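Just below is one structure, and these are the notes that go with it.
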Amino acid sequence: SVSAGLGVCGTVVVVGKVGQGVIVHVISVIVVMGAVVLTAFILFMLAGVMERALGQTGILVVSRVLGMLLAALAVQFILNGLLGFSATLG
């Protein structure tokens, strides 16, 4: 799917490995995945309505805010990695 990135694929693999042999865990993962797909489908179906409601300026504002959020998450991940790496050095 276009909306599934490496993080989603990796999470499914890890959760699938952890839940081997436990049917309740596997079913819960499938239910959660279904909920995520349903949520994405609803949001994709409402995209046109949201686009008209926000207008061109609103879309630009939301795009900039989400870009800043993504940049902040990237910086946080890098800092967490550096802190974890420095902790292994002693």
Side-chain angles (χ1 to χ4, degrees):
S1 167
V2 174
S3 61
L6 292 175
V8 173
C9 296
T11 301
V12 169
V13 169
V14 169
V15 170
K17 290 288 185 188
V18 169
Q20 279 183 331
V22 181
I23 191 71
V24 174
H25 184 74
V26 172
I27 290 173
S28 65
V29 169
I30 291 171
V31 168
V32 170
M33 286 173 40
V36 169
V37 168
L38 180 64
T39 302
F41 176 75
I42 291 170
L43 289 174
F44 285 146
M45 295 303 291
L46 293 174
V49 175
M50 290 189 291
E51 182 180 15
R52 286 189 295 277
L54 288 172
Q56 190 66 24
T57 304
I59 291 171
L60 287 175
V61 168
V62 170
S63 177
R64 299 276 170 107
V65 169
L66 292 177
M68 290 296 291
L69 178 64
L70 183 62
L73 284 170
V75 168
Q76 186 64 52
F77 288 151
I78 290 170
L79 290 175
N80 288 347
L82 290 173
L83 286 173
F85 178 71
S86 66
T88 62
L89 296 177

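Keep in mind the model is a prediction, meaning the values are calculated, not measured. All values below were derived from every heavy atom in this structure, side-chain atoms included, with hydrogens, water molecules and symmetry-related copies excluded.
- Taking CG from Leu38 and CG from Leu43, the interatomic distance works out to 9.5 Å, rounded to the nearest 0.5 Å.
- Residues meeting the side-chain hydrogen bond (donor to acceptor under 3.5 Å, both in side chains) test with Gln56, sequence neighbours left out: none.
- Under a 3.5 Å cut-off, the side chain of Ser63 and the backbone N or O of Ile59 do not form any donor-acceptor pair.
- Hydrophobic clustering (side-chain heavy atoms under 4.5 Å, transitive across Ile, Leu, Val, Met, Phe, Trp, Tyr) groups Leu54 together with Leu66.
- In the hydrophobic clustering, Phe41 connects to Met45, either directly or through intervening members, whenever side-chain heavy atoms lie under 4.5 Å apart.
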